[in-house]
Amino acid sequence: MPRSAHHVALIALALSPWLTTACGPDQRSGMGTDMNADLLAAAVRARISPASLEPHATAIVEHERLSGSAGENAAIDYVVETLEAAGVPVEVHTFETYVSDPVSASVSVPDGPAFSAITSSFSAPVRSLRAPLVDLGPLADLPPVEVGTGERIVLAGEGMDGAAGPVLPDVSGAIVLVDGQPRNLPVIVLDRLGAAGVIFANTEERVNDLIVTSTWGTPSLLNYHRLPDLPVAHVARSAGEQLRALLARGPLEVMLSAQTDTGWKELRLAIARIPGPEPDGPYVLFGGHIDGWYHAATDEGASNAAMLDLALAFHAERERLRRGLVVAWWPGHSNARYGGSTWFADHFFEELRERAVAHVNVDGIGQMGARVLAAATTASMAELARFAMQRGEDADIQPTRPERNSDQSFNGVGVPLLQLYRNRAEEDGGYWWWHTPEDTFDKIDFDILDRDTYLYAIALSALLGRELLPVDVVGQVETLGAAIAARSGAGGGRFDLSRASEAHAELLALAGRLQEALPGATGSAALDMALVDVLRPLHRILYVPLTPHHPDAGAVPGLLPGLAPTRILAEETPGSERYRLAMATLVRERNRLLEAIAESNRRAAALLASLG
């Protein structure tokens with residue numbers, strides 16, 4: 001049974017020295033406090049410990065959990081059974097998605113040495129490819145590609161008059177040796193250049209299981225063509241060095257094979273739904289992937305244990321919730337490129353648009369020796385991330401913008417995002433066992449996992465327990481202004497964004513008035529969704545290059561990705577074909593930007609008027 005309010009208050013005051021006993025501004029974060037949310041965080045904290053986390057992690061990590069496997073299903077069964085035993089409402093969805101399991105790879109020199117190798121998810125299969133080896137060196141030496149502005153991702157200068165092509169050796173028909181881990185953009189580049197295959201030589205003496213498609217979730221008719229048709233092998237640093245030594249003696253042929261099991265597979269998605277005061281009211285989406293490579297202890301069985309403990313704790317303290325909590329254990333993260341979260345975004349799009357107020361993602365917590373604190377957030381969540389770190393660790397951080405990874409499948413919906421990190425420092429060896437068979441149970445530090453879980457408890461308690469949804473409208477608008485200025489500067493003054501800057505200034509002034517009015521408002525489900533609706537057009541223009549309803553490529557084009565071609569104007573001669581195509585793209589993207597600002601302005605004005 002839920003504890004009484006008096007009991008919770010006593011626990012909170014006894015166990016949480018940081019607890020603020022009166023509402024008011026937090027002197028370190030600048031974020032106001034809320035007694036209910038603070039008491040909720042303290043009560044949840046009291047229910048979590050290394051001793052409560054370890055049994056969950058043990059039960060999950062004992063299984064190898066490649067998505068769609070028997071091991072993943074066993075881990076999902078454990079999560080579901082544990083939730084049901086505690087009376088937590090839970091549902092399991094079964095669906096098909098497009099998955100690629102690496103099977104095997106080999107690299108050898110005819111009549112010479114053979115090297116241990118693996119392949120990557122979505123590598124094109126080849127039984128035996130024999131071709132000349134061409135060494136391209138580091139990934140940084142590859143030419144840039146245009147991403148984010150269209151489904152045909154092209155090389156800079158490819159097929160355009162007045163533009164120099166990439167200054168690279170001829171790789172047509174060759175197997176290319178590249179330093180670094182397998183990634184999708186190098187595979188796209190080398191495929192465009194006509195390579196027959198690619199060998200990635202790790203810069204460390206290890207290999208990491210990875211994904212080389214730029215599709216996101218199950219491909220559709222709009223992006224199926226982006227699935228790679230280039231075979232990929234991955235070798236350790238020493239193998240790369242030996243191949244280069246052999247190549248230094250003269251022309252060298254190598255043999256490459258790569259086998260993957262790619263196709264449709266049935267996956268299961270477990271979701272706990274802990275309702276707020278209104279069963280169909282706003283909720284916070286809290287998710288992390290349950291699949292992983294091998295036993296996947298820190299990526300991410302430890303996080304799954306934290307999610308389970310937090311779901312149980314918030315359910316036990318549900319009388320204090322002002323918003324609901326939906327907890328999702330995503331399948332298909334590692335070998336379907338975020339297939340589970342994409343499926344949920346596709347099939348619950350309307351629900352997410354009408355009810356989701358934040359997406360809190362968890363990935364890779366509880367690493368032994370981790371001591372570097374950080375956060376990746378949309379601008380509207382940055383202040384909350386700083387608040388959680390200051391309350392939980394007395395640490396000041398500067399959150400960074402989200403990259404394109406970690407089940408960030410909800411940008412099209414326009415949901416604010418928060419993710420907290422505690423990583424290993426490079427001088428401590430970094431996260432060397434990531435995506436390898438070495439990610440075993442002994443890599444979990446349960447004291448660190450306990451502290452990491454507490455950070456999420458603070459952030460979730462603020463989102464679930466505060467009367468006013470803790471989003472920073474002004475911060476989001478300010479970030480938009482900085483992005484407009486940066487894209488304008490990248491174009492060297494050749495593209496006029498002055499109208500966007502003027503419209504932004506009007507919105508910023510309105511956002512300031514709205515933020516000043518909010519402390520006097522009464523919290524409600526309608527106010528929660530109205531705030532997110534103000535942010536939604538800005539979120540989409542800041543993070544979504546194409547349509548909200550079709551996932552973008554798995555690439556990182558930066559803020560205002562639709563305006564990425566501004567840099568082309570600074571690089572190209574006016575009047576060249578590439579310059580003109582970039583200009584046509586930018587004019588249309590400027591219209592999209594102005595429309596987003598106008599819509600956000602309209603929604604903010606309506607909300608301000610409703611607040612009186």
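Basis for what follows: all heavy atoms, side chains included, without hydrogens, waters or symmetry-related copies.
With ring centers used as reference points, F349 lies under 6.0 Å from H549.
Looking only at distances, a side-chain donor or acceptor of R536 sits under 3.5 Å from a matching main-chain atom of R353. A donor-acceptor contact shorter than 3.5 Å is absent between the side chain of N202 and the backbone of R237. At least one donor-acceptor pair under 3.5 Å links the side chain of D445 to the backbone N or O of I448. No donor-acceptor distance shorter than 3.5 angstrom exists from the side chain of T213 to the backbone of L227, with no hydrogens or angles considered. The closest donor-acceptor contact from the side chain of R65 to the backbone of A75 lies at 3.5 Å or more, if one exists at all. Using modelled atom types, no side-chain atom of N208 and backbone atom of Q181 make a donor-acceptor pair closer than 3.5 Å. Using modelled atom types, no side-chain atom of D191 and backbone atom of L230 make a donor-acceptor pair closer than 3.5 Å. In this structure, the side chain of Y456 engages the main chain of N361 through a donor-acceptor pair within 3.5 Å. In this structure a side-chain-to-backbone donor-acceptor pair under 3.5 Å is present from R337 to T215. Using a distance-only test at 3.5 Å, with no hydrogens or angles considered, no donor-acceptor pair links the side chain of T119 to the main chain of Q259.
The aromatic rings of H289 and H333 lie parallel to each other, their planes meeting at an angle below 30°, with 60° marking the opposite boundary. In this structure, H539 and Y543 have tilted ring planes: the angle between them lies in the 30° to 60° band. Between W216 and Y338, the ring planes lie tilted relative to each other; the angle falls in the 30° to 60° range. Ring-plane geometry between W434 and Y431 is classed as tilted, the angle between the planes lying from 30 to 60 degrees on a 0 to 90 degree scale.
Classification of E595 and R592 as a salt-bridged pair fails, no side-chain N sitting under 4.0 Å from a carboxylate O. A salt bridge does not link D299 to K443: none of the charged side-chain nitrogens sits closer than 4.0 Å to a carboxylate oxygen. Note on R273 versus E351: salt bridge recorded, some NZ/NE/NH1/NH2 to OD/OE distance being below 4.0 Å.
Between I118 and P102 the shortest side-chain heavy-atom distance does not fall below 4.5 Å. Taking the side chain as every heavy atom from C-beta outward, D101 and K265 approach each other to under 4.5 Å. With a 4.5 Å cut-off on side-chain heavy atoms, R323 and L463 do not count as touching. Between D552 and N411 there is no side-chain heavy-atom pair separated by less than 4.5 Å. Side chains of L559 and R401 form a contact here, defined as non-hydrogen atoms less than 4.5 Å apart. In this structure the side chain of V80 never reaches within 4.5 angstrom of the side chain of L83, judged on heavy atoms. The shortest distance between side-chain heavy atoms of L464 and Y283 does not fall below 4.5 Å. Residues F122 and I211 form a side-chain contact, since some pair of their non-hydrogen atoms from C-beta on lies under 4.5 Å apart.
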Apply side chain to side chain contact (heavy atoms under 4.5 Å, CB included) to residues I271 and V326 and explain how you reach the verdict. CA-CA 7 Å; I271 295 179; V326 173; 3.5 Å; yes
Apply side chain to side chain contact (heavy atoms under 4.5 Å, CB included) to the pair R422 and I365, showing each step before the final yes or no. CA-CA 6 Å; R422 189 197 307 266; I365 64 175; over 6 Å; no
Walk me through whether L563 and L586 qualify under side chain to side chain contact (heavy atoms under 4.5 Å, CB included). CA-CA 6 Å; L563 293 177; L586 290 167; 3.8 Å; yes
Apply the test side chain to side chain contact (heavy atoms under 4.5 Å, CB included) to residues N304 and M307: give CA-CA distance (whole Å), side-chain angles for both, the deciding distance (0.1 Å), then the verdict. CA-CA 5 Å; N304 297 152; M307 293 166 63; 3.9 Å; yes
Determine, step by step, whether S121 and S100 satisfy the side chain to side chain donor-acceptor pair (under 3.5 Å) criterion, reporting the C-alpha distance in whole Å, the side-chain angles of both residues, the deciding distance to 0.1 Å, and the verdict. CA-CA 5 Å; S121 287; S100 181; 4.7 Å; no
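Separation of atoms NE2 (H63) and OG (S69) is listed at 9.5 Å; rounding is to 0.5 Å. Separation of atoms CG (L129) and CD1 (I175) is listed at 4.0 Å; rounding is to 0.5 Å. Interatomic distance, L136 CG to L177 CG, rounded to the nearest 0.5 Å: 8.0 Å. Taken to the nearest 0.5 Å, the CG atom of D363 stands 5.5 Å off from the CD atom of Q419. Separating the CG atom in L542 from the OG1 atom in T378 is a distance of 9.5 Å, to the nearest 0.5 Å. Atoms CD1 and CD1, from I60 and I76 in turn, are 10.0 Å apart once rounded to the nearest 0.5 Å.
Using modelled atom types and a 3.5 Å distance limit, the side chains of W433 and T298 yield a donor-acceptor pair. For the residue pair R226 / S214, a side-chain donor-acceptor distance below 3.5 Å is found, with atom types taken as modelled. Side-chain atoms of S67 and E72 include a donor-acceptor pair closer than 3.5 Å.
Evaluated for a side chain to side chain contact (heavy atoms under 4.5 Å, CB included) with V61, the options E300, H56, H295 yield exactly one hit, H295. Of the candidates L267, T97, L269, L269 is the only one forming a side chain to side chain contact (heavy atoms under 4.5 Å, CB included) with W343.
Contact detail for G340 and F95: the closest heavy-atom pair is CA-CZ, 4.0 Å. Residues G180 and F200 share a closest heavy-atom pair of O-CB, 3.4 Å. The two atoms that bring V357 and P282 nearest to each other are CG1-CB, 3.7 Å, heavy atoms only. S120 and V212 make their closest contact through CB-CG1, 3.8 Å (heavy atoms, listed as atom of the first residue, atom of the second, distance). Contact record, V415 with A356: CG2-CB, 4.2 Å, taken as the closest heavy-atom pair. Annotation for V232 and A258: closest pair O-CB, 3.7 Å, computed over non-hydrogen atoms.
Summarising the local packing, CD of E205 is surrounded by more than 12 heavy atoms from other residues, nucleotides or ligands at distances under 6.0 Å.
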